[in-house]
Structures are given as structure tokens and as C-alpha cells.
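For the numbers below, each heavy atom of this structure counts, side chains included, while hydrogens, waters and symmetry mates do not.
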Amino acid sequence: MCKGPKQVLILGGGFAGVYTARYLEKLLRSDEASITLINRENYWVYQPMLPEVISGSIGLTNVVSPIRRFCPRSNLIMREVENIDLKGQIVTVSPGFRPRQLQLNYDHLVIALGNITNFHGMPGLIENAMPFRTLADAMVLRNHVIHVLEEADVEEDPELRRRLLTFVVGGGGFSGVEVMAELNDFVRSVKRNYLRLRDEPHRCVIIQAGDRILPEMSEPLAMFAQRILRKRGIDIILNDRLKAATSERAFLQSGTEIPCKTLISTVPSALPPMVQNLDCPKDRGKLLVNSHLELKDYEGKVWALGDCAAIETIAGAKVPPTAQHAIREAVTAAINIAAAVRGGRRAEFGFEGLGTFGSLGHGAAVAEIFGIKLSGLLAWLLWRGIYLMKMSGLNRKVRITADWLLHLLFPPELAQTKLALESGIRNQHFEPGDVIFRQGDLGDSVYVIEEGECEVLCKRKGEQELLATLSGGECFGEMALLSDRTRNATIRARTAMNVLIIPKGDFNKLRQSVPAFGSIFTELVKRREVP
């Protein structure tokens, strides 16, 4: 009986996943193994250059490579992984256009699903903090920054203008520092295009839980980075962390409040739920693997790489979640999978790292290579040169080089690309004292209280009166929408609140489609009418 090729399934399209597929294509023939890679996007992101998308120094699509071209012999399934059955050797992925799940059997499995942003226990961050992990995150952030600049240019209220021009990043590691450096350069550069903002100061803040930024680097380089960033006007708050957020403020563990309209989080992170639920040994929440990168208790069948795995080198050193390590992990895993398919010597993971780079934007960086510490312009040129060489494909290298040259000659692009619908039902969090809307504002949404209490305040004859206190299960904001008038009262949070916001367009659709829904609010307006 003739056996077919072994089914090798790779979960995740980051550095670890795509490089495993790429090396397996070189090691195994098509009749030996069928390689399938599952990723929710059909492209691989060159993560180190992603922050430069914000400032526009690199074009949006030039930091990505289509997986089908990068791994031409691998089957790509652009779906979400929903379940992993290690004992049954089955992976279940999300439905496509048809509402049916797809189940895939495997002989060998590579889990390289990375981490996800986790805001558990941090009220308001899931609604108000912008994560920075994917290309979509970079696109959303860039468009948001342009939007707040447009709003600040026309805003008369100086307090709101200051909030619009305040940008906060939670996390002072490589990601947080590089994002803030690029964002600060971008805002400083484009403000001259706004007539009313040319002389208006903006504020950038990095919040770091440790006693210095860039804990991955040596202290002298980290201190150099802090001096450069502070010299460029970036505030650095150390030994503190984000605790909660609203649409108006960021709350720190120390009790400090930072009024802002832009909050970016590069921490914290957690394993994807389907990885957390795996019935296998773990180390500090991560998948436990041996020196061959095989999942414990599933040796020869399952390998775990990248951010989701607890990996140690042969010498016993903990492996950091960096691109250079992920690529070497992929090589080790590919060699061992090939050995499992057709026999041969297995490899152990012993890569200790070549060095670290951190861009500070505007012609400055910090670097440590083979123990040599560099900073300033030389480190920046070296950072760009090395990362450009590592970028896959000649066409991408040429495009990025052209982008960098054009960025030196011309100002950054200011066009905003709308990525989402103008409306949508969403959740929001408010802290005590937050004003949800003010008397005289235009009615744009209806609010349903899920938790907490708020006060209804009305200004009459120069005095502000308390009309009512609303609590969980009650709603407000419907009167202005149904009567097409401005708000007749101010709503202020009395306690911490979670509300469901229904924008005007969605509210009207519900009223038209579900008559009973509209009748409830019509009766509510009649009861609340004040003579």
C-alpha cells in the first residue's frame, strides 16, 4: 500500500511560521510532505519596520510580503484557528463564506500563533487603547493621528485641543519606544500644514513599568535613548503603568491622570485562547518545549515556536521573543520535522542572539552587536542597512529604499484613508466625573447603562439642577434623537460605568425594522418630557 505525503500543518504567519514553511520547502519534496499554513491574513509582516508606516517613511504595503510568493509550495488557508485537538491530531479553523467549520488532520504540527493583546482587569482599555501589533493596527493608528490633528485645528476649546494633541504609549520596550519616536516625528513634521497648530505644542508620553526604558538593552544604551527622547520633547514616566482608561483620560497605577484622546498600548500580552486551553505542560503560561522545540508529551508530532513557546537554549538561557530568534527557531524546527518524516539527525536550538537594535527616529538609534555598543547616527544607519538586507524579495528592498529617499526629499503624506464604517454599536467605559454629553450638544447616540450610575443635570436660570440618577438597565440620549433637537440635559458619570452606545444611524434602523423597539423609546420620551 502506497502512502501519501505527510501532512505538515503550520499555525501562524509570523516570522516563526512562514520561515518554518520556507525551510521545509527546501528540505522536503512534494511527495514527502504537503505543507499547509494557516493565517488570518494572506501576508507576512516585517515587524521591525512597522512603526515607520505611522510616519509614512515606508509605504503601507512595502512592509508586507504575500505568503503565497514567500512560500510558493505551501498551501495557505486564510482563516482563524478555533481549536487544536492534540490527541486526535485535528485543527479546526473558522468558517469562510459558508457557515461551516473546516477540520484539518495533520501528521506534524507547528504552533507559532504568537501573542494577543490582553486588557483583562484594566477597565476601559479594550474600548479606548489602540494596540500596535499588526499592519491593520498601524493603519488605524496613522489615520487616527491625522484625524485628531484635523479636529485640533478647528477646536475652540483649549482644554480639548490639548487632549487632542496628547499622545500616550503604554510600554517602554522596543515596540513602545519605536512607535512613539515615529509618531512624535510625524506630528512635529506635519503640524506646519495646519494653520492653527503651527505654534501649538503637542505632548508625547511613554509609560514604563520598570526603572528605565528598553529593558532588553544594556543600561548605558537605554539611558542614551532616554536622553535623546526627552531632548525631543517626549515625556517618560517610569515605575508606573496603565490601570484604566476612558475616551478622555488615561489612568495610571500611581493615581496620575493624563487627559488624552490617543492611547496606544504595546503591553500586556497573552496566549491566544485556543493555546491557553491546550491540555499540555506549560511554563509560566507558555507552551513547554524541549531543546528540539518539540512540545512536551507530543515529541515527534508537535513543535511550538515564537512568542507562544517557553524556549531555552542548550546553555539554559531564556529565549527572548525577537525576529532573529524566531527565524533560527524555524530552521531548527524544519530540520527536526524533516528528520521525523524521512529520518536523519535532529537539531538542538542553541542560538544566543547576535545583538539588538532600537530605532529612536529622526536619524538616531541604539545598537548592541557582538558586545559592541553603538548609538546615534551610526547605529541608525546600521539598523536600516541590516533590516533592509533581511527584508525578503528584491522588489521590497528597492521599494523601501525608494521610500526612504523620497521621505528625505518630500514632506510626509497627510491623506487619511477611512478604514471603518462611520457608525457601529459599541461598548464604552466611563470613570466618575466623566461628562458623557453636555446640554446643547447635538444628539448622535442612545446610551444603555450596563453597569454603574450617572446623573442627569439641567442648567436653568444660571443654576445647574440634578433631575435624576440613572442606573443599570436604564437608557438615556433618546430624546434628542427622536425629537431631532439638541441635548436638553448634561449626563455625568456618578460611578464607574459601562455603557452600550447605539449611534443615530443604527438606532434609526432598529426603530424602522423593529416597531416594538421604537415604541419603547417613544413611551420613554413621553414620560421624561418636562413641561
Side-chain angles (χ1 to χ4, degrees), residues 97 99 123-124 126-130 136 139-140 143-144 146-148 150-152 154-157 160 163-164 245-248 261-262 416-431 434-460 467-494 496-531:
F97 283 109
I126 194 169
E127 298 93 347
N128 299 294
M130 307 172 70
M139 295 166 66
V140 168
N143 281 314
H144 171 81
I146 295 172
H147 182 64
V148 297
E150 296 289 348
E151 289 298 313
V154 299
E155 183 53 53
E156 299 290 343
D157 182 356
L160 178 53
R163 286 201 299 271
L164 289 165
T246 69
S247 60
E248 304 289 326
K261 283 287 188 180
T262 304
Q416 183 189 26
T417 307
K418 297 288 185 181
L419 298 173
L421 298 174
E422 292 294 330
S423 63
I425 298 174
R426 67 189 189 281
N427 295 96
Q428 185 57 276
H429 175 81
F430 297 94
E431 286 288 325
D434 282 349
V435 174
I436 298 166
F437 59 71
R438 299 181 185 277
Q439 188 173 345
D441 289 351
L442 291 172
D444 59 353
S445 300
V446 170
Y447 300 77
V448 181
I449 304 172
E450 295 177 330
E451 291 180 285
E453 294 180 352
C454 65
E455 300 170 327
V456 183
L457 306 166
C458 184
K459 194 170 185 179
R460 295 174 181 171
L467 299 183
T469 298
L470 305 177
S471 58
E474 297 186 273
C475 58
F476 56 91
E478 75 290 334
M479 296 181 72
L481 268 66
L482 293 174
S483 61
D484 203 25
R485 299 197 302 259
T486 56
R487 304 288 191 189
N488 60 7
T490 294
I491 304 293
R492 185 174 65 196
R494 184 170 178 271
M497 292 179 63
N498 290 321
V499 302
L500 182 71
I501 302 177
I502 308 174
K504 185 175 182 178
D506 298 306
F507 178 75
N508 288 333
K509 286 179 183 177
L510 287 169
R511 280 201 307 134
Q512 294 165 7
S513 303
V514 187
F517 179 87
S519 300
I520 292 171
F521 285 93
T522 302
E523 290 298 320
L524 186 60
V525 168
K526 290 179 181 178
R527 294 200 303 270
R528 289 180 172 175
E529 283 286 356
V530 178

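Distance check: Leu481 CG to Arg511 CZ gives 8.0 Å after rounding to the nearest 0.5 Å. Here Glu474 contributes atom CD and Leu524 contributes atom CG; the two are 8.5 Å apart, rounded to the nearest 0.5 Å. From Leu510, atom CG reaches atom CZ of Phe517 across 4.5 Å, with rounding to the nearest 0.5 Å. Interatomic distance, CD1 of Ile436 versus SG of Cys454, reported as 5.5 Å (0.5 Å rounding). Rounding to the nearest 0.5 angstrom, the gap separating the CG atom in Asp434 from the CD atom in Glu248 is 7.0 Å. With rounding to the nearest 0.5 angstrom, the CG atom of Leu457 is 5.0 Å from the CZ atom of Arg492.
One N or O on the side chain of Gln416 and one on the backbone of Asn143 form a donor-acceptor pair closer than 3.5 Å. With Ser471 contributing its side chain and Glu453 its backbone, the two residues share no donor-acceptor pair below 3.5 Å. For Glu151 (side chain) and Leu164 (main-chain N/O), no donor-acceptor pair under 3.5 Å exists by modelled atom type.
Using a 4.5 Å heavy-atom cutoff, the side chains of Pro503 and Arg426 are in contact. Two residues are said to be in side-chain contact when any heavy atoms from C-beta on lie closer than 4.5 Å; Lys261 and Leu160 meet this criterion. Taking the side chain as every heavy atom from C-beta outward, Asn128 and Gln428 approach each other to under 4.5 Å. Side-chain contact check for His429 versus Met497: every heavy-atom pair is 4.5 Å or farther apart. Phe521 is listed as a side-chain neighbour of Cys475, based on a closest heavy-atom distance under 4.5 Å. Under the 4.5 Å side-chain criterion, counting only non-hydrogen atoms from C-beta, Asn427 is in contact with Glu450.
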His144 and Thr262: CA distance, side-chain angles, deciding distance, side-chain contact (heavy atoms from CB on, under 4.5 Å) verdict: CA-CA 8 Å; His144 171 81; Thr262 304; 2.8 Å; yes
Trace of the side-chain contact (heavy atoms from CB on, under 4.5 Å) decision for Phe437 with Thr486: CA-CA 11 Å; Phe437 59 71; Thr486 56; over 6 Å; no
CA sep, side-chain torsions, deciding dist, call: Ile491, Val456, side-chain contact (heavy atoms from CB on, under 4.5 Å): CA-CA 5 Å; Ile491 304 293; Val456 183; 3.7 Å; yes
Residues Asp444, Arg487; criterion side-chain contact (heavy atoms from CB on, under 4.5 Å); working and verdict: CA-CA 10 Å; Asp444 59 353; Arg487 304 288 191 189; 3.4 Å; yes
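Across Asn498 and Glu451, no two heavy atoms sit closer than the pair ND2-OE1, 2.8 Å. Across all their heavy atoms, Val499 and Phe430 have their closest contact at CG2-CE1, 3.5 Å.
Environment of CG in Leu500: crowded, with over 12 heavy atoms of neighbouring residues, nucleotides or ligands closer than 6.0 Å.
Relative orientation of the Phe476 and Tyr447 rings is parallel, given thresholds of 30° and 60° on the angle between their planes.
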